[in-house]
Amino acid sequence: MMASSYNAKDEDGHITVTGPGGGTLRSKKPENTAFKQQRLPAWQPILTAGTVLPAFFIIGLIFIPIGIGLYVTSNNIKEFEVDYTGVDMSSPCFNCSQNFSWNSTTPCTCTIPFFLEQPYESNVFMYYGLSNFYQNHRRYVKSRDDSQLNGDMTSLKEPSKECEPYAYHDNKPIAPCGAIANSMFNDTLELFYNDPNGTKVQIPLTNIGIAWWTDKHVKFKNPGVGEANQNLTTAFQGTTKPLNWRRPVYELDAAANNDGFINEDFIVWMRTAALPTFRKLYRIIKSPSNGMMPTMPRGNYTLEVVYITTMSKNLRQNLFNQLNPDYPVRSFEGRKRMILSTISWMGGKNPFLGIAYITVGSVCFFLGVVLLIIHHKCGNRNNSADISN
Amino acid sequence: MKSDPDPLIIDTPTSPVTSGLPLFFVITVTAIKQGYEDWLRHKADCSINECPVDVVQQGKVVRTQSHKLRVGDIVVVREDETFPCDLILLSSSRHDGTCYVTTTSLDGESSHKTYYAVPDTMAFRTEREVDSLHATIECEQPQPDLYKFVGRINIYTDKEEPVARTLGAENLLLRGATLKNTQHIYGTVAVYTGMETKMALNYQSKSQKRSAVEKSMNAFLIVYLCILISKAVINTVLKYAWQWSPDRDEPWYNHRTENERQRHVVIRAFTDFLAFMVLFNYIIPVSMYVTVEMQKFLGSYFITWDEEMFDEELGEGAQVNTSDLNEELGQVEYVFTDKTGTLTENNMEFIECCVDGNVYIPHAICNGQILSAASSIDMIDSSPGGYRREHEDLFFRALCLCHTVQVKEEETVDGIKRGIHQGRPTSFYISSSPDEVALVEGMKRLGYTYLRLKDNYMEILNKDDEIERFELLHVLNFDSVRRRMSVIVRSSSGKMQTREYLLFCKGADSSIFPRVVSGKVEQVKARVEQNAVEGLRTLCVAYRRLCQSEYEEACHQLTEAKLALQDREQRLAQAYDIIERDFVLLGATAVEDRLQEKAADTIESLHKAGMKVWVLTGDKMETAAATCYASKLFRRSTQILELTKKRTEEQSLHDVLFELNRTVLRQRSISGLSVDCLDFGLIIDGATLSAVLKPNQERANPSNYREIFLEICRNCSAVLCCRMAPLQKAQIVKLIKASKEHPITLAIGDGANDVSMILEAHVGIGIMGKEGRQAARNSDYAIPKFKHLKKMLLVHGHYYYIRIAELVQYFFYKNVCFIFPQFLYQFFCGFSQQPLYDTAYLTLYNISFTSLPILLYSLVEQHVTMETLKREPSLYRDIAKNSLLRWPVFLYWTCLGVFDAVIFFFGAYFLFDNTTFTSNGQMFGNWTFGTLVFTVLVFTVTLKVPFLNYQRMYYVFMQMLSSGPAWLSIILLITVSLLPDVIKKVLCRAVCPTATERAQKVGAAGALEGFVAPGTATAAEESNERDLLHRDRTCEGDKATRTYDSMMSHSHSTPLSKP
């Protein structure tokens, strides 16, 4: 195909455009260097049974302990998961998700009690999990304007075309624009510890440190940060909030270092998940400073989900016939979960890595044995053949 | 793009730059290479076009540029200048109207050739005189044959009828030739300028040669194209199946734009299909072509750099004219070799002559003195009878006269004389045929020295130091059809008292004997045959006395034929045929053409490497067969099958062919059982070959003979084709090329007569020989000596093939690895064409991440050491028939790629499954996922090539690599991905190792020896391995030693391999 057209031999033979090396010839003796004479020293890994067998055993011997270690570590991680979608009639959130009338001004709250069998020590991480939510859909993934999120004033006023159809509303640019931002998760989750003595103690949740450092400090910036007499409200002037949002972007948090584009909940949401079933870090429960008590002792807890009307009335009527006051996932058969997890050095609970290591190590070991037998047999056969010959 | 109203604009999943950059890179690299070559060509064109030329205009010499030359211009050429176009010689500064020319750049002959001016214009001395010439030239249409020219010049003198003179090749000075030994000449731009010159016509562009590897590469590409299309189709179909429910198609969080909604579903589906094509297009290894091209281009330097292929005598090493065929050198199945100058040195040495059966041997080579040589003759010549004496005299004179040898002139005439007198090589003979030089030099050693040709008189210094002069009347030039040449001379002085006309003829025995009427034919024939068996080149010498009338008639016929404008060749041949008859046989000569250094060793290696060696020669059967024996092409044990004219005269061709076929087949069935494996050698001559190849009208199946012939050839280890015309050589190559196995052929030769075969074969190799550079120039590779073929094929060819094969397979493998995860990812992102990898990775994967290591690898890879390859030619069989690029291998690599891709993807998938990776609890996104897959991919793919690669750092990357599990999973996934290949290799090696692998093992064991203390276990193991190596080749080894022995005895019995 292409290569066949490369050979540009001299059509007119007189013009000796010789091929490679034509110029270097000229009756000169080639240099006697190791490279030119192809005598470079080389190490050749020949995969013979003799060299590979030990490697297999070694891999096996290394992988199996690693696997066991990983598995044990993973098993020591405590994880608790509760589904609060409210699909079943019996579910406490059923009412909120089903029968709640959207035009009510009071937020709907549902309360889910749960019981932790083991105390959770050190920092506990609280996640929300969504399933069947295609954050990795291409149309969705690219529906954002990174330069707008980086604080660029021009992009703020003229969002990228990629954000369509979430770029303009009422002829005003949307900040932050795009489908991702528009669909930001906005259920409010609160945790309460039911003391054995009957009191209900709210567990303090930290929302700092849930986003990547690079995202928070490099990728995401509020517009007009360095300028004098600028607060976020004026910086976002002339823009409108995303359609589904209840509040504009500059009112996401009271704290200045967590408001606007650098709001960590927002940043976490903006990092699109790889798979349709995903979880995202919601809050961190810091371990108490005295260190004597577990962060979450064994006992009864309550999860309170506060639903906020996510969409304006008109839009909702246009799009859905059913009325969803909460973050709506039921339309696409999604699920919402709250996960509490402790973390080890290797991250969250994931037995897969440990099991995989053990499996691969065992397979290697087994193969080593098999190869040893084959090697032994073959060697014998060759020897006997030699003798008979 | 989305807001664009045009519905046909495809929303590409990757930016145009991402997809376009690799292609742009490929095209740029190609363009630079082509542009560079174009520029070189342009420069060369300019230098040719603008070189100054002196033209006579209005009686003055005007300097102009060569591209301004027009037909009819009169050009002045000075000594050592090159002719700018084809010229007719009008006059020369030499008084006899001749000029000397070398045609080294045309046909490679370095000898000085004499060209003659038109007699009527010979006398012109000044520009004015030349300018006053009024003449017309008629000539034939331009044709590429360098040695043919037919034309006529009509010179108009005042008031008289125009004088017509014939013009022949001897009047035509060819463009590209150089003027020598002549101060200046005046020539007319007679006929041909520019592209019409014979030189330009001879350099028609060569046909493109494509290697087998390229062909399989293209086949693989088509498969991958199909995979690409089917992937896109599958995904498009699945996408629409999946999107059936509107909640999936457009969930509330992810709406289409209005434009998109308005598009028709068919258009949407089509654009989706195209988008998938764009997404998966990386499976087609675009950069492979550039890498392959660069690998070939850079790799071919190793041939030119090879010290072992450098020849001190010539001062030149091997030369690469086409780097496209490097790997084809490792695939050769048939080797067609020329004999003279290729297998043999073409360094002729006069061995003996026989006059009427009496043998004369000059053995004065040691001191080079004439006297001892003369005395040797006297000793043999103890009983001189009158009749015999006369024949002897005639014989020696015939050899001194019947040739076209020139004496290389020294500065003065005296110089020559003195030189020859003293027997020192101050003057030497030059001829286009080395045989003639050998003969004339042999005569010199026997006492008859040819001095020179002066004014049409040939001067000979005879045994008694007398100068004899003969008037040279006609030369009937040698041609390969007649296979003889003659001269007609008239003795004028010396011993030949009578001034009689003599015709001396020398030529091949087959062309002389039928024309002999008297002489001791039997004795001479016996001697000739004996000499031929010994591998000597024999010529017969005969003469004929012409009386005045006969001479005149001959003269008449010759002139008439020479004057003819049409069919001059044919008429000349007729005239020659009439004149050259009724000979009296004088004797025969024998000249040895020594075998090239290590020719036998090379042939033996090629045989062991599984190649079939065919010798194609114009020589006679006996001589050629002798050379074949000497070069071990035929061994003593070889059963020779003859398919010659002699046999077909006795039996019909049909019977002979069938009989031979039966013999071969029977033998094969027997040898299947017995240990004693006989091999066959076939000898066929040109006449029989053309009969075999001639379409047979009588039979229903015209290709019948051809098939049988091929069947016989297939079973013969060596074939000798003698009496071949150059075109027949090419025919044979074509025949084999077109046979049903389509074997890869290689042709090697040194002379102009081999060019056709060199161009026809898959790989053409030219030897920078004595017969000129034409073969070397038309070849794909040029080597100084035949022995270099061994290294060229067994080492370089082997390496190149392995390298390119692995390069190609690897490229497909790595692209499957790359794209298959992306395909799998579509199942998890709603078939939305979401790329798994970042744009930068998509672009750079093929350009930089993975192509440099493999390029380096493919340049320097040596799976077996050079020494092993040279020592074990049978390793060549391992890679025969494109074995590394067959479909199973390709399938294996593709499956491996798919397996690895599945490991990468699902490994990452399960790791990502609802968990966090970092110790701060933060989650990763889709780009991290892709980067993880990509990292594992690059590591694995690069570890496949045992090289390290540099990684591009990225935020995502840093974040990912800062977590332990990511590393652990990388290690795990790499291990898993590399596992199957390692297991397969080890298993294959243990269960059914190929010869190469065994050789590697032995090499490794040998290397180990130095390190490991001489423990018994190691030694035992090593010997086992050695035994293993031996056991499989026992049959072959035994055979080799046996034939070796027989060869030794053979060389005892006959003085064949004389030092």
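In what follows, chains carry the letters A, B, and so on, assigned in the order in which the sequence lines appear, proteins first and then strands, with residues in each chain numbered from 1.
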**Request:** Could you check if a side-chain atom of Gln834(B) sits within less than 4.5 angstrom of a side-chain atom of Tyr140(A), using non-hydrogen atoms only?
**Result:** no
**Message:** Measuring only between side-chain heavy atoms, which start at C-beta, is Trp252(B) closer than 4.5 Å to Val329(A)?
**Reply:**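 Side-chain contact under 4.5 Å: no.
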Got a second to check how far [X]'s [atom1] is from [Y]'s [atom2], nearest 0.5 Å?
{"X": "Thr277(A)", "Y": "Phe828(B)", "atom1": "OG1", "atom2": "CZ", "value": "10.0 Å"}
{"X": "Cys829(B)", "Y": "Arg139(A)", "atom1": "SG", "atom2": "CZ", "value": "11.5 Å"}
{"X": "Asn136(A)", "Y": "Asn926(B)", "atom1": "CG", "atom2": "CG", "value": "6.5 Å"}

**Asked** Between the side chain of Tyr825(B) and the main-chain N/O of Ala274(A), is any donor-acceptor distance below 3.5 Å?
**Response**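 Judged by distance alone, yes, a pair lies under 3.5 Å.
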**Prompt:** Do side-chain atoms of Tyr909(B) reach the backbone of Leu275(A) as a donor and acceptor pair under 3.5 angstrom?
**Reply:** no
**Prompt:** So with a 6.0 Å cut-off around CD of Glu307(B), is the heavy-atom count from everything else above 12?
**Reply:**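 Yes - once you tally the heavy atoms of other residues, nucleotides and ligands closer than 6.0 Å, there are more than 12.
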Relative to chain B, which segment of [X] carries a heavy atom at a distance below 4.5 Å: side chain, backbone, both, or neither?
{"X": "Asp215(A)", "result": "neither"}
{"X": "Ile210(A)", "result": "backbone"}
{"X": "Tyr134(A)", "result": "both"}
{"X": "Ile77(A)", "result": "neither"}
{"X": "Ile339(A)", "result": "neither"}
{"X": "Leu281(A)", "result": "both"}
{"X": "Leu70(A)", "result": "side chain"}
{"X": "Phe125(A)", "result": "side chain"}
{"X": "Ala356(A)", "result": "both"}

Please determine, among [options], the option with the most heavy-atom pairs under 4.5 Å with chain B.
{"options": "Gly178(A), Ser131(A), Ser344(A), Ala211(A)", "result": "Ala211(A)"}
{"options": "Ala55(A), Ser143(A), Pro276(A)", "result": "Pro276(A)"}
{"options": "Ala273(A), Gly361(A), Gly209(A), Ala179(A)", "result": "Ala273(A)"}

**Request:** Can you tell which part of Glu312(B) gets under 4.5 Å to a heavy atom of chain A, answering side chain, backbone, both or neither?
**Result:**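 Contact with chain A: side chain only.
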**Item:** Structural part of Met288(B) lying under 4.5 Å from a heavy atom of chain A
**Value:** neither
**Asked** side-chain contact (heavy atoms from CB on, under 4.5 Å) with Asn254(B): which of His137(A), Gln135(A), Arg138(A)?
**Response**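 For Asn254(B), the side-chain contact (heavy atoms from CB on, under 4.5 Å) test succeeds with only one of His137(A), Gln135(A), Arg138(A), which is His137(A).
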**Request:** Fit a plane to each ring of Tyr253(B) and Phe133(A), take the angle between them on a 0 to 90° scale, and name the class: parallel (under 30°), tilted (30 to 60°) or perpendicular (over 60°).
**Result:**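 Judged by the thresholds at 30° and 60°, the geometry between Tyr253(B) and Phe133(A) is parallel.
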**Message:** If I compare all heavy atoms of Arg271(A) with all of Gly925(B), which pair ends up nearest, and what's the gap?
**Reply:**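 Closest approach of Arg271(A) to Gly925(B), heavy atoms only: CG-CA, 3.9 Å.
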